[in-house]
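Accompanying notes for the structure given below.
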Amino acid sequence: MDYTTKGWGTKAVHAGNVKDTQYGALTTPIYQTSTFIFENCAQGAARFEGTEPGYIYTRLGNPTTSVLEAKIAALDGAEATLATSSGMGAISSVFWTITHSGAHVIADETLYGCTWALLSHGLTRFGVEVSLIDTSDIENVKAALKPNTVAVYLETPANPNLKITDIEEIAKAAHEYNSDIKVICDNTFASPYVQRPLSLGADVLVYSATKYLNGHGDVIAGFVSGKTDFINQVRMVGVKDMTGSVLGPQEAFLILRGLKTFEVRMERLCSTAAKVAEFLNSHPKIERVYYPGLESHPNHEVAKKQMRNFGAMMSFIVKGGKPAGEKLLNSLELCTLAVSLGSDQTLIEHPASMTHSTYDPQALVEAGVPAGLVRLSVGLENVEDIIEDLAKGLELI
Ligand code: LCS
């Protein structure tokens, strides 16, 4: 069946599933195998040549993972998807595929801390030129484009301050300059439920599937989505030869299981987050809330245009800055002090000393991550319980 025109829940449950003709299993089996048997040498050679379809070795593909990849491609509206063993595995496999010494990458200055470190301290060691700019101002992007630019990389909403960049505008400017430039969007904070950047002109999506796509805080994984030719390149160069960042079949199965409830989880998370953001925004002890759904967000109009909901991530500054924020984090009982996000549990953390401690201090200021910023990933608990916990914590300050 073609699921392209079907609803979200239907896609998440059915797209990509392969009928088990051997035993009729309802759910996708876990093919816990490192390698696959060839009937004879000719068949092995043909599979390596690519003239005969079929599995070879799990670093190149596995039936459990293939079902998951097809499902994510359906959710992203992508031609193809590649699963990786982490979000950083997805991002680094893409960069190892498209960069070389002398290539130029434009990236937003506000990124997940390890992505920032990969670009600033990692790729530059190998002769890649990296320009970190504020991509939310299109003029900055136009000014940074150069003949050797191979990619424009951004997160929207960005980790940790929920900065919003206009994907359509960036893709248009980059492709007008040079149609070979890859516009790469890290869609982790939004998830495909909230935002589908390929339909806005982006070329490549990367994810930490550790977050909403798995959704239960028990797996580390990543994805790359895009055109079939490009995904094949990332599979056969970026992952097979350069990073080896392969997702195991057990993890693929757990993500498949998590995806069955993707739509209901996301609906609930987004509606709870909107209420929590309103609560924080009207609280006298809160200085500022960063949530794309609030009219006070500087790019609320762009968020409304490109997101179909506003997600479940937010950050805020408590009046009194870092010491007051720390007091709050140390006193919460239901909201759990931990990094990561997109889990069933509400998680709260301090970016400057945790997820973004990889940044150079000056770069952190330029990226709009003040010392007092607190990041909240709203979970599946009941909204009144989350708000009660935050209210109690704020009272203690
Ligand atoms: N991209 C974004 C936007 C992320 O938030 C993360 C992880 C990654 C990529 C990397 O994914 P991973 O390799 O961990 O699967 N973000 C984290 C965070 O904010 N707290 O802990 C991890």
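In listed order, ligands and their atoms are each counted from 1. If you're wondering where the values come from, they're calculated on a predicted model, not measured in any experiment.
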May I ask you to check whether over 12 heavy atoms, not counting those of [X], lie within 6.0 Å of atom [atom1]?
X	atom1	answer
Leu396	CG	yes
Lys6	NZ	no
Glu295	CD	no
Lys146	NZ	yes

query = Tyr207 and side-chain hydrogen bond (donor to acceptor under 3.5 Å, both in side chains): which partner among Thr84, Thr81, Asp76, Asp186?
reply =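 Result for side-chain hydrogen bond (donor to acceptor under 3.5 Å, both in side chains) with Tyr207: Asp76.
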Atoms of ligand 1, numbered as shown, that sit under 4.0 Å from any heavy atom of [X]:
X	answer
Ser86	13 (O), 15 (O)
Ser208	6 (C), 8 (C), 9 (C), 10 (C), 11 (O), 12 (P), 15 (O)
Thr188	1 (N), 2 (C), 3 (C)
Ile91	9 (C)

task = Verify whether the ring centers belonging to His356 and Trp116 lie closer than 6.0 Å.
result = no
Starting from [atom], which protein heavy atom do you reach first, and at what distance in Å?
atom	answer
atom 8 (C) of ligand 1	Tyr112 CD2, 3.4 Å
atom 20 (N) of ligand 1	Ser340 N, 2.8 Å
atom 5 (O) of ligand 1	Asn159 ND2, 2.9 Å
atom 18 (C) of ligand 1	Thr355 CG2, 3.5 Å
atom 15 (O) of ligand 1	Thr210 OG1, 2.6 Å
atom 2 (C) of ligand 1	Asp186 OD2, 3.4 Å
atom 12 (P) of ligand 1	Gly87 N, 3.3 Å

Salt bridge check: are [X] and [Y] linked by an N-O gap of less than 4.0 Å?
X	Y	value
Lys172	Glu176	yes
Glu69	Arg235	yes
Lys392	Glu395	no

task = Anything under 30° is parallel, anything over 60° is perpendicular, the rest tilted; go ahead and classify His300 against Phe310.
result = tilted
contact_flag [X] ligand 1 heavy-atom lt 4.0 Å:
X	result
Val206	no
Lys211	yes
Arg375	yes
Ala221	yes

key: Test of proximity, Met88 against ligand 1: N or O pairs below 3.5 Å   =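 Indeed, backbone or side chain, Met88 has an N or O that close.
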